[in-house]
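Beneath this line is the structure, given in structure tokens, with notes to follow.
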Amino acid sequence: MRFGHFDDARKEYVITTPKTPYPWINYLGSEQFFGLVSHQGGGYCFYRDAKMRRLTRYRYNNVPTDSGGRYFYINDGGDTWTPTFMPMKKELSFFECRHGLGYTQITGTRNNLRAEVLYFVPLGQTAEVHQVTLKNEGSTPKSVKLFSFIEFCLWNAHDDGTNFQRNFSTGEVEVVGSTIYHKTEYRERRDHFAFYHVNAKVSGFDTDRESFIGLYNGFGDPDVPSAGESKNTIASGWSPIASHGLDVTLAPGEEKKFVFVLGYVENPRAEKWEKPGIINKQRAQQLIAAFSSAEQVSAALGKLREHWQGLLSSFTLESGDEKLNRMVNIWNPYQCMVTFNMSRSASYFESGIGRGMGFRDSNQDLLGFVHLVPERARERIIDIASTQFADGSAYHQYQPLTKRGNNEVGSGFNDDPLWLILGVSAYIKETGDYGILDEQVPFDNDPNNAASLLEHLKRSFDHVEKNLGPHGLPLIGRADWNDCLNLNCFSEDPNESFQTTGNRTGRTAESVFIAGMFVHIGPEYARICEYKAQPAEAARARSEVAKMERAVLQHGWDGEWFLRAYDFFGNKVGSKDCPDGDSKILIEPQGYCVMAGIGVATGEAKKALDAVKERLDTPYGIVLNNPPYREYHVELGEISSYPPGYKENAGIFCHNNPWVMIAETMIGRGEQAFEYYKKIAPAYLEDISEIHRTEPYVYSQMIAGKDAPRQGEAKNSWLTGTGSWNFVAISQYLLGIRPEWDGLCVKPCIGKEVPEFTVTRKCRGATYRIHVKSTGGTGQVKLTVDGKPIDGVIVPFAKPGSTVHIECEAS
Ligand code: BGC
């Protein structure tokens with residue numbers, strides 16, 4: 001069942017009923033100021049850091065779900081309603097939510113009054129604009145009252161949700177004309193405030209939540225809108241809000257627009273006050289002036305559209321498959337950009353108070369956005385590398401506001417260092433900017449202990465090599481990519497975190513997955529060393545990689561598939577020999593070892609992928625492991641803590657399905673790769689939205705697997721490495737176009753189902769028009785470049801400004 005449709009021409013998803021199976025959200029903002037907005041107007045916004053600079057309050061896991069947002073109440077002759085459906089849930093004769101790239105427009109009609117609310121963050125501004133358009137579609141004049149409503153968060157979202165003994169006494173506001181200023185804690189250490197403004201004369205306002213809503217009421221039955229009269233309250237402690245009251249008269253057919261600006265301002269310490277106790281509002285006034293008219297709003301929205309148009313033009317696909325086109329051209333890169341901005345911090349499944357930026361996550365995210373924003377990718381690499389420790393290990397996460405490692409989570413995830421090499425090589429292949437390797441980058445943010453980025457990569461490489469276990473495979477540490485495979489944790493105490501607890505210390509638990517990563521990523525390091533005229537170091541790296549490959553084939557091969565790991569006691573994890581009731585095969589090493597090329601020439605790769613097909617494939621995607629763990633295994637940790645079929649215990653992890661897709665292309669099975677692709681790509685799942693439940697335009701991290709009662713149901717949409725890895729799989733391996741060290745590789749491997757397509761790829765300033773005829777999915781290609789046949793699959797990089805025409809026959 002569908003709950004809307006794609007509007008590809010406008011690059012929007014159009015939701016046509018408020019009753020979607022879950023709140024379907026969108027993101028506003030692309031630089032410093034961000035908002036989340038659901039199809040019912042729910043959500044919140046923040047400046048740079050969802051935890052530390054939260055402007056508006058949101059209560060997760062609330063009842064009803066998704067209550068709290070930027071709301072507009074309309075009192076039309078005593079009938080009070082909300083055009084976003086929530087929170088008043090009055091019946092609407094028309095409802096539509098258009099989620100576009102960086103903006104959302106929600107329209108509701110009732111009693112011949114059409115109310116359209118447009119939400120977006122203009123480029124270069126630290127503010128959200130909410131434009132409300134009211135239109136009288138009836139034949140008699142209307143006089144209505146419009147009330148805006150937002151609830152301020154007292155800045156630090158975690159403290160705001162916990163520290164009530166203090167917070168109920170700190171709230172402060174100022175009101176001047178049509179602007180409400182939120183200045184809690186500004187008198188002390190904060191140099192920032194927020195404001196909510198409307199470009200019209202107000203008939204009243206409110207800033208005290210209890211007075212506006214009523215202590216025993218909810219957002220759905222608020223006192224002031226129902227009474228039709230603002231109370232002009234000034235909050236003192238408790239819960240400051242901002243609400244404007246507006247009297248609006250509309251002749252039949254008449255339309256009026258109101259522009260609301262929800263802004264964030266920082267003042268230098270010396271310029272904080274206008275006079276004692278009164279905040280300096282100069283910067284706020286400038287922001288307000290920038291959006292005082294509907295024309296300014298439409299110009300800003302136009303710029304935002306152009307911005308996205310520009311970004312998305314770096315890779316475009318024309319094919320006969322409209323679902324594929326909309327994934328590749330619009331929604332997948334859009335999701336990649338959102339993960340660039342958010343990492344794993346704020347979604348409807350991530351509360352914005354926990355996880356900051358992941359070292360592993362951010363490096364992988366980069367693979368999906370480096371071609372869109374190369375300069376910002378460069379900055380991101382330096383930020384990430386600056387949190388690395390001198391021994392090559394890494395903080396698992398860092399906070400975006402401070403850019404410092406997060407001590408609470410610490411380090412010891414032994415896959416982390418390698419992802420940095422992958423991120424840097426993707427960046428250099430995209431840009432040709434080898435100069436980044438010479439950047440001086442601190443360790444653990446200590447400016448007195450810095451080294452070149454190249455040296456950071458060396459330490460990443462060496463960290464693996466210096467931490468090998470009894471079989472010559474990498475020690476896993478706290479966990480590898482699978483955060484839930486905690487082989488040194490041994491926790492019997494529910495108050496302990498699986499990720500940060502290490503009750504046993506030993507150098508025995510090994511990861512075949514990290515070994516696969518090392519074989520995949522190590523050669524990239526070697527190639528970088530060659531470029532930097534360090535042939536001896538390159539040779540050393542290559543010989544370590546070869547050694548690792550041998551170790552995998554000798555100790556990491558189980559006969560029909562790759563083992564997952566050796567546990568603390570040296571027992572095999574993910575083996576046919578594991579007792580019944582335990583998992584016998586896990587997905588990660590199958591995908592990753594084959595991606596690394598291990599066993600491709602000698603047949604193990606094909607066997608492993610056949611085993612994936614036979615044991616892990618389901619109608620909704622490939623499950624992580626099979627069978628699921630039925631009991632808690634203290635020696636395996638969190639993986640065995642989930643009920644069968646969910647998350648890392650046999651859920652469909654959409655993040656590592658693309659590793660298998662890429663692996664399939666490595667052995668020339670493009671058709672199989674595309675079949676796996678379509679199983680999890682959201683646009684292909686639109687018709688089963690009632691089962692899938694999350695947004696049909698973005699990937700979710702996990703879909704419940706075949707052992708779960710709710711098989712096919714997705715969770716954790718938006719912020720997941722799934723976005724970038726699926727983009728890598730489809731664009732670089734199935735459509736087959738990717739920058740390599742010496743040129744653009746063109747090697748489609750998708751099969752007959754997409755018999756003909758054209759990709760326009762911009763890279764290093766040149767444009768490549770690649771026309772492909774695809775008669776098979778074996779990965780065999782013949783290329784003609786500007787009319788001349790070439791050998792191989794690498795098209796040398798062309799001069800900036802030039803256009804290269806490539807004809808490709810893929811069979
Ligand atoms: C984390 C990833 C991790 C994955 C698998 C995600 O929630 O963000 O870092 O690789 O789970 O455990």
Side-chain angles (χ1 to χ4, degrees), residues 358-367 384 388 392-394 396 411-426 456-469 471-483 485 487 509-528 541-542 544-553 555-557 561-566 573-574 586-600 604-605 608 624 653 655-663 666 721 724-725 728-729 733:
F359 192 96
R360 166 203 303 144
D361 295 339
S362 298
N363 275 303
Q364 289 179 86
D365 291 347
L366 192 131
L367 307 177
I384 300 171
Q388 188 177 27
S393 65
H396 198 44
S411 105
F413 296 75
N414 282 349
D415 63 317
D416 272 335
L418 287 175
W419 295 114
L420 180 65
I421 302 179
L422 189 65
V424 171
S425 39
H456 280 255
L457 301 190
K458 176 174 188 297
R459 300 211 191 168
S460 288
F461 184 89
D462 288 354
H463 187 265
V464 176
E465 203 235 304
K466 284 184 184 152
N467 289 285
L468 300 179
H471 300 92
L473 298 166
L475 294 172
I476 194 167
R478 284 180 174 174
D480 58 25
W481 171 86
N482 188 331
D483 276 335
L485 192 60
L487 302 182
E510 297 167 289
S511 163
V512 177
F513 170 76
I514 302 182
M517 276 184 82
F518 189 78
V519 177
H520 181 238
I521 296 169
E524 308 284 41
Y525 171 64
R527 175 62 185 68
I528 287 172
R542 288 194 195 281
E544 292 302 335
V545 166
K547 224 195 280 173
M548 187 70 80
E549 188 166 355
R550 286 196 295 276
V552 171
L553 287 170
H555 300 292
W557 178 248
W561 54 81
F562 292 99
L563 278 179
R564 178 63 177 84
Y566 285 95
V573 179
L586 288 90
I587 191 174
E588 304 96 321
Q590 321 313 327
Y592 224 102
C593 289
V594 179
M595 269 167 70
I598 303 174
V600 169
E604 289 88 349
L624 192 143
F653 241 78
H655 184 138
N656 49 32
N657 277 230
W659 297 342
V660 174
M661 297 169 205
I662 298 170
M666 297 285 300
S724 55
W725 272 110
V728 169
Y733 291 89

When you look at E549 and V552, which way does the side chain to side chain contact (heavy atoms under 4.5 Å, CB included) test go after all the steps? CA-CA 5 Å; E549 188 166 355; V552 171; 5.7 Å; no
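- Every side chain to side chain contact (heavy atoms under 4.5 Å, CB included) that A479 has, sequence neighbours left out, goes to F413, N486.
- No salt bridge links R527 with E524; every basic N to acidic carboxylate O contact stays at or beyond 4.0 Å.
- Side-chain contact between F359 and L420: present, with at least one pair of heavy atoms (C-beta onward) separated by less than 4.5 Å.
- Counting heavy atoms from C-beta outward, I662 and W725 have side chains that approach closer than 4.5 Å.
- Atom CG of N657 and atom CD1 of I587 lie 5.0 Å apart (nearest 0.5 Å).
- Remark: R478 does not engage D416 in a salt bridge, criterion side-chain N to carboxylate O under 4.0 Å.
- In this structure, H520 and L418 have side chains that are not in contact, with every pair of non-hydrogen atoms separated by 4.5 Å or more.
- Within the 4.5 Å cutoff, the side chain of M517 has no heavy atoms near those of the S511 side chain.
- L563 places none of its side-chain heavy atoms less than 4.5 Å from the side chain of V573.
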Pair Y733, M661 - check side chain to side chain contact (heavy atoms under 4.5 Å, CB included), show working. CA-CA 8 Å; Y733 291 89; M661 297 169 205; over 6 Å; no
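- For the side-chain hydrogen bond (donor to acceptor under 3.5 Å, both in side chains) test, residues two or more places apart in sequence or in another chain that qualify with R360 are D415, D483.
- Between R564 and N482 the shortest side-chain heavy-atom distance falls below 4.5 Å.
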Evaluate side chain to side chain contact (heavy atoms under 4.5 Å, CB included) for L422 paired with N363, printing each intermediate quantity in order. CA-CA 7 Å; L422 189 65; N363 275 303; over 6 Å; no
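- Relative ring orientation between W659 and F513 is described as parallel, the plane-to-plane angle staying below 30° on a 0-90° scale split at 30° and 60°.
- Listed here is the closest heavy atom pair of W561 and G574: NE1-O, 3.4 Å.
- Looking at heavy atoms from C-beta onward, V594 lies in side-chain contact with F562 at the 4.5 angstrom threshold.
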Stepwise side chain to side chain contact (heavy atoms under 4.5 Å, CB included) check, M548 with V464: CA-CA 10 Å; M548 187 70 80; V464 176; 4.2 Å; yes
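- When all heavy atoms of L487 and A509 are compared, the pair lying nearest together is CB-CB, 3.6 Å.
- In this structure, the side chains of L624 and N656 come closer than 4.5 Å at one or more pairs of heavy atoms.
- In this structure, S425 OG and I521 CD1 are separated by 7.5 Å, a value rounded to the nearest 0.5 Å.
- Between the side chain of Y566 and the main chain of H555, a donor-acceptor pair closer than 3.5 Å is present.
- Closest heavy-atom contact between E510 and G469: OE2-C, 3.1 Å.
- Taking both residues in full, the closest heavy atoms of P658 and A729 are given as CB-CB, 3.7 Å, listed atom of the first, atom of the second, then distance.
- Summarising the geometry of Q388 relative to S460, their closest heavy-atom pair is NE2-OG, 2.9 Å, with the distance given to 0.1 Å.
- The CG atom of L457 sits 5.5 Å away from atom CD1 of I528, with the distance rounded to the nearest 0.5 Å.
- Of the possible polar contacts, none joining the S724 side chain to the L367 backbone as a donor-acceptor pair under 3.5 Å is found.
- Residues that satisfy the side chain to side chain contact (heavy atoms under 4.5 Å, CB included) test with S393, not counting sequence neighbours, are F389, D391, S411, H463.
- N414 and G477 make their closest contact through ND2-N, 3.3 Å (heavy atoms, listed as atom of the first residue, atom of the second, distance).
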